[in-house]
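Data first, discussion second: the structure below is written as structure tokens.
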Amino acid sequence: MANVVHAEFGRARPGLLSRLSGAIADYRLYRRTLSELESLSNRDLRDLGISRYSTRQIAYDAVYGR
């Protein structure tokens with residue numbers, strides 16, 4: 001019931017609930033990734049070649065791949 005077949009292309013498209021649950025799962029993963037990066041010390045971040053300023057962008061790219 002979550003999938004709807006698009007008549008023109010004949011393939012299933014995810015329904016609203018599955019897209020919403022996917023977006024929520026992605027957001028939770030983003031928040032968890034960001035939290036883990038922010039919990040690292042400045043020295044640990046420096047060892048990884050990451051500045052504290054770039055943690056949000058790194059977490060975003062890791063989850064959403066953009």
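In what follows, residues are counted from 1 in the order of the sequence shown. As the structure is a computational prediction, the values presented were derived from the model and not from experiment.
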- Task: Measure up the Tyr60 and Tyr30 rings against each other and bin them: parallel (under 30°), tilted (30 to 60°), perpendicular (over 60°).
- Result: perpendicular
- Message: Minimum heavy-atom separation for Leu45 and Leu40, please, with both atom names.
- Response: CD2-CD1, 3.8 Å
- Query: Hey, any chance Val63 and Leu37 share a hydrophobic cluster, counting ILVMFWY side chains that come within less than 4.5 Å of each other, even indirectly?
  - Reply: no
- Measure the CG-OG1 distance between Leu48 and Thr55 for me, rounded to the nearest 0.5 Å. 12.0 Å
- In short, Glu38 meets Arg52 closest at the heavy-atom pair O-NH1, 3.3 Å
- Message: With a 3.5 Å distance limit and no angle check, can you tell me whether Ser41 reaches the backbone of Asp44 through a side-chain donor-acceptor pair?
- Response: yes
- Same cluster for Leu29 and Tyr64 if Ile/Leu/Val/Met/Phe/Trp/Tyr side chains link at under 4.5 Å? yes
- Message: Checking side-chain polar atoms at under 3.5 Å, does Ser21 have a donor or acceptor matched by the opposite partner on Ser18?
- Response: no
- Item | Nearest-0.5 Å distance, CD1 of residue Ile58 to OH of residue Tyr53 | 11.5 Å
